[in-house]
> 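If you scroll down you'll find the structure; I have some questions about it.
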Amino acid sequence: MPAPRAVAAVTVSLFVQRFSATRRGARLARRLAVHRLDVWGVPYGSETSDTVALVVAELASNAALHGCVPGRDFELRLRCDRGAGVVRVEVADTHPAQPEPPQPGTDTTDADGGRGLLLVAAVAERWGVTTRTGPGKTVWAECAWCVSPAGEQIVGTTSPHYEVPEEVDPLALLLAEREEDDR
């Protein structure tokens with residue numbers, strides 16, 4: 001009789017869902033992402049949960065507003081790698097245009113867009129754009145997530161990919177963008 005083998009703990013969790021390329025689809029993507037993180041042990045209201053919610057909200061909104069091709073959805077993919085301490089958010093759409101983030105020091109307060117990627121860059125560890133099989137692109141961001149053995153949240157120590165100028169308040173930009181969306 002063979003000896004029993006030890007089973008390694010699962011350290012990677014994956015969630016994939018397609019959403020309609022609408023404001024409602026973007027809102028649902030954010031809500032389901034936060035719910036899925038809670039199921040995976042990242043509690044509502046934690047720094048990681050709030051960061052991922054902001055990233056998903058911005059990337060999903062961009063996919064619904066700027067990456068929308070009539071009749072096509074966008075896809076949200078969450079990958080939680082506990083071993084690496086990273087939650088990777090990927091949003092894929094079928095529009096061929098690549099996003100162009102504003103350059104550091106650019107005033108975006110009166111612009112119609114450009115603030116979403118500025119916010120993503122401010123809160124994510126890294127972000128970027130990749131091509132995908134078929135039409136379109138995938139915009140991704142990685143958010144730090146570490147949990148101590150006691151289950152306590154540990155804040156990431158690496159700096160973001162993109163520094164936001166001190167005079168720019170990301171929360172004020174987000175609120176201004178949301179007010180515009182409500183009109």
Side-chain angles (χ1 to χ4, degrees), residues 13-40 42-80 87-102 106-124 126-143 160-162 164 168-183:
S13 299
L14 185 65
F15 172 77
V16 180
Q17 180 71 47
R18 296 185 72 81
F19 297 92
S20 62
T22 62
R23 290 180 183 178
R24 177 176 282 169
R27 185 172 55 248
L28 183 58
R30 178 184 53 80
R31 288 184 172 187
L32 284 177
V34 172
H35 173 72
R36 180 53 51 185
L37 287 175
D38 186 59
V39 168
W40 290 340
V42 180
Y44 291 108
S46 66
E47 185 174 343
T48 300
S49 178
D50 290 347
T51 299
V52 170
L54 176 64
V55 169
V56 170
E58 289 306 324
L59 297 184
S61 292
N62 284 351
L65 297 174
H66 307 296
C68 180
V69 172
R72 300 289 178 110
D73 297 337
F74 70 90
E75 179 182 270
L76 169 67
R77 178 180 295 260
L78 291 178
R79 185 175 186 268
C80 181
V87 176
R88 183 177 173 105
V89 177
E90 297 179 1
V91 175
D93 64 56
T94 55
H95 199 280
Q98 299 288 315
E100 294 184 25
T106 304
D107 182 19
T108 60
T109 53
D110 293 333
D112 287 337
R115 295 183 294 264
L117 289 178
L118 193 69
L119 290 169
V120 169
V123 299
R126 303 179 326 135
W127 73 276
V129 182
T130 58
T131 57
R132 59 182 231 149
T133 304
K137 74 225 169 249
T138 299
V139 183
W140 58 268
E142 292 180 348
C143 304
H161 164 77
Y162 177 93
V164 176
V168 176
D169 180 11
L171 183 58
L173 289 175
L174 177 65
L175 293 174
E177 191 170 283
R178 294 294 177 235
E179 286 176 8
E180 288 174 13
D181 286 347
D182 290 341
R183 291 184 206 167

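Along the sequence shown, the residues carry numbers beginning at 1. What's counted below: heavy atoms across the whole structure, side chains too, no hydrogens, waters or symmetry copies. From a predicted model like this one, the values you see are computed outputs, not experimental measurements.
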> Decide if atom CZ of R18 counts as having more than 12 heavy atoms of other residues, nucleotides or ligands within a radius under 6.0 Å.
yes
> What are the two closest heavy atoms between A60 and A29, and how far apart are they?
CB-CB, 4.2 Å
> Any side-chain heavy atom of P99 within less than 4.5 Å of one from K137?
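Yes. Closest side-chain heavy atoms under 4.5 Å.
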> With a 4.5 Å heavy-atom cut-off, do V55 and W127 have their side chains touching?
no
> Residues two or more places apart in sequence or in another chain: which of them pass side-chain contact (heavy atoms from CB on, under 4.5 Å) with D38?
P43, Y44
> Which atoms form the tightest heavy-atom contact between S49 and V42, and what is the distance?
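That would be N-CG1, 3.9 Å.
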> To the closest 0.5 Å, what do you measure between CG (D93) and CZ (R132)?
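Rounded to the nearest 0.5 Å, the CG-CZ separation comes to 7.0 Å.
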> Do W140 and R126 have side-chain heavy atoms sitting under 4.5 Å apart?
yes
> Of the non-hydrogen atoms in R23 and A64, which two are nearest, and what is the gap between them?
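Answer, listing the atom of R23 first, then A64: N-CB, 4.5 Å.
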> For a quick test of reading the model, state the closest non-hydrogen atom pair linking V56 to A33 and the distance between them.
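Answer, listing the atom of V56 first, then A33: CG2-CB, 3.9 Å.
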> Between V91 and N62, does the side chain to side chain contact (heavy atoms under 4.5 Å, CB included) criterion hold? Intermediate values first, please.
CA-CA 9 Å; V91 175; N62 284 351; over 6 Å; no
> Are V89 and L59 packed together at the side-chain level, in the sense that at least one heavy-atom pair is separated by less than 4.5 angstrom?
yes
> Mind listing the side-chain donor-acceptor pairs of residues 67-78 below 3.5 Å, one per line with the distance, residues two or more places apart or on another chain?
none

> Any idea which heavy atoms bring V120 and A141 closest together, and the distance?
CG1-CB, 3.9 Å
> Measuring from atom CZ of F19 to atom CZ of R30, what distance do you get when rounded to the nearest 0.5 angstrom?
11.5 Å
> Is there side-chain contact between E90 and V16, with at least one heavy-atom pair below 4.5 Å?
no
> What are the two closest non-hydrogen atoms of V87 and C80, and how far apart are they?
CG2-SG, 4.2 Å
